[in-house]
> 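Have a look at the structure that comes next, please.
Nothing fancy with the numbering, it's 1 onward along the sequence.
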Amino acid sequence: MPKFDAADTKVFGISTDNTPSQKEFAAKNNVTFPLLSDFAKRQVAAAYGVLITQGAGEGMANRSTFVVDKEGKITFIQEGNTAIDPTNAADACSRAAHKQ
């Protein structure tokens with residue numbers, strides 16, 4: 001979190017889990033940033049192209065990390081199991097902060 005704070009960024013998570021599940025996850029993992037639920041309509045996951053629409057994971061989202069700049073442009077995407085590690089996203093935020 002200090003790297004994100006130093007880059008003047010906001011961190012939040014969005015998942016297709018319901019709010020009670022997110023609260024349990026946050027408590028178990030000491031999450032200090034807001035978690036937002038896309039459970040009801042899954043519009044965010046669909047808009048970002050990560051919603052699974054067929055098969056065993058239907059209705060879930062692929063694990064992904066997006067860095068969005070202050071103008072709303074996506075400047076970094078990391079997908080898959082490595083997206084849980086915030087290192088690359090923090091580095092992308094730091095690079096963006098130094099460009100300004």
Side-chain angles (χ1 to χ4, degrees):
M1 288 309 292
K3 281 188 171 185
F4 290 106
D5 292 338
D8 188 29
T9 60
K10 303 281 187 224
V11 175
F12 57 93
I14 303 173
S15 78
T16 54
D17 293 334
N18 59 37
T19 303
S21 294
Q22 288 181 326
K23 286 182 181 179
E24 184 177 326
F25 174 85
K28 181 179 177 181
N29 294 286
N30 298 315
V31 173
T32 60
F33 51 85
L35 295 176
L36 308 175
S37 179
D38 190 27
F39 178 75
K41 297 184 181 179
R42 292 163 164 69
Q43 291 175 313
V44 175
Y48 277 77
V50 297
L51 183 64
I52 300 170
T53 58
Q54 297 178 352
E58 185 174 351
M60 296 174 58
N62 287 315
R63 183 176 301 280
S64 306
T65 298
F66 294 87
V67 174
V68 182
D69 69 15
K70 292 181 180 183
E71 286 76 41
K73 180 181 174 189
I74 297 171
T75 60
F76 174 83
I77 301 172
Q78 186 168 356
E79 297 181 86
N81 291 336
T82 60
I84 198 165
D85 180 351
T87 304
N88 292 327
D91 292 344
C93 290
S94 180
R95 285 191 302 274
H98 286 93
K99 284 183 181 180
Q100 296 176 359

> Quick check against the 3.5 Å criterion: does T16 have a side-chain atom that pairs as donor or acceptor with the backbone of M60?
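No; zero donor-acceptor contacts below 3.5 Å.
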> Output every pair passing ring-ring contact (aromatic ring centres under 6.0 Å, His included) with a member in residues 77-96, not counting sequence neighbours, ordered by first then second residue.
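Matches after skipping sequence neighbours: none remain.
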> Please list, chain by chain and in numerical order, all residues satisfying side chain to side chain contact (heavy atoms under 4.5 Å, CB included) with D69, sequence neighbours excluded.
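Testing D69 for side chain to side chain contact (heavy atoms under 4.5 Å, CB included), a comparison that skips the adjacent residues, returns E71, K73, T75.
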> Indicate if F12 and V50 have the same hydrophobic cluster label, given that clusters are the connected sets of ILVMFWY residues with side-chain heavy-atom separations under 4.5 angstrom.
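The answer is yes; both residues are in one hydrophobic cluster.
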> Please tabulate, for the side chains in residues 23-37, all donor-acceptor contacts under 3.5 angstrom to protein atoms that are two or more places apart in sequence or on a different chain.
residue	atom	partner	partner atom	Å
N29	ND2	F25	O	3.0
S37	OG	D17	O	2.7
S37	OG	F39	N	3.2

> With sequence neighbours excluded, tell me which residues meet side chain to side chain donor-acceptor pair (under 3.5 Å) with S21.
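Side chain to side chain donor-acceptor pair (under 3.5 Å) check on S21 returns N18.
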> Could you name each residue pair satisfying ring-ring contact (aromatic ring centres under 6.0 Å, His included) that touches residues 45-67, not counting sequence neighbours?
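Qualifying pairs: Y48-F66.
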> Please report the closest heavy-atom contact between T65 and A89, naming both atoms and the distance.
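Here T65 and A89 meet closest at CG2-CB, 3.6 Å.
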> Identify, with sequence neighbours excluded, every residue that meets side chain to side chain donor-acceptor pair (under 3.5 Å) alongside D5.
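Listed in chain order: nothing, the list is empty.
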> Kindly work out whether a path of hydrophobic side-chain contacts (I/L/V/M/F/W/Y, heavy atoms less than 4.5 Å apart) joins I74 to V44.
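Hydrophobic grouping puts I74 with V44.
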> Run the side chain to side chain contact (heavy atoms under 4.5 Å, CB included) test against A7 and tell me which residues pass, sequence neighbours left out.
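Counting only residues at least two positions away or on another chain, A7 forms a side chain to side chain contact (heavy atoms under 4.5 Å, CB included) with T9, C93, A97.
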> Can you name the nearest heavy-atom pair linking D38 to Q43, along with the distance?
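Closest pair (atom of D38, atom of Q43, distance): OD1-N, 3.0 Å.
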> Hey, what else clusters with V67 if you join Ile, Leu, Val, Met, Phe, Trp, Tyr whenever side-chain heavy atoms sit under 4.5 Å?
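F76, all in the cluster of V67.
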> Tell me every residue that passes side chain to side chain donor-acceptor pair (under 3.5 Å) with Q22, counting only those two or more places apart in sequence or in another chain.
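In terms of side chain to side chain donor-acceptor pair (under 3.5 Å), with neighbours along the sequence ignored, Q22 is linked to S15.
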> Quick one: list whatever passes salt bridge (charged side-chain N to carboxylate O under 4.0 Å, His left out) with D91, sequence neighbours left out.
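Listed in chain order: K3.
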> I'd like to know if the side chain of R42 and the backbone of G59 have a donor-acceptor N/O pair within less than 3.5 Å.
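A pair under 3.5 Å: yes.
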> Can you sort out the partners of N62 under side chain to side chain donor-acceptor pair (under 3.5 Å), two or more places apart, ordered by chain and number?
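Partners of N62 by the side chain to side chain donor-acceptor pair (under 3.5 Å) criterion come out as none, since no residue qualifies.
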> For the CD1 atom of I14 and the OG atom of S64, what is their distance to the nearest 0.5 Å?
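Rounded to the nearest 0.5 Å, the CD1-OG separation comes to 11.0 Å.
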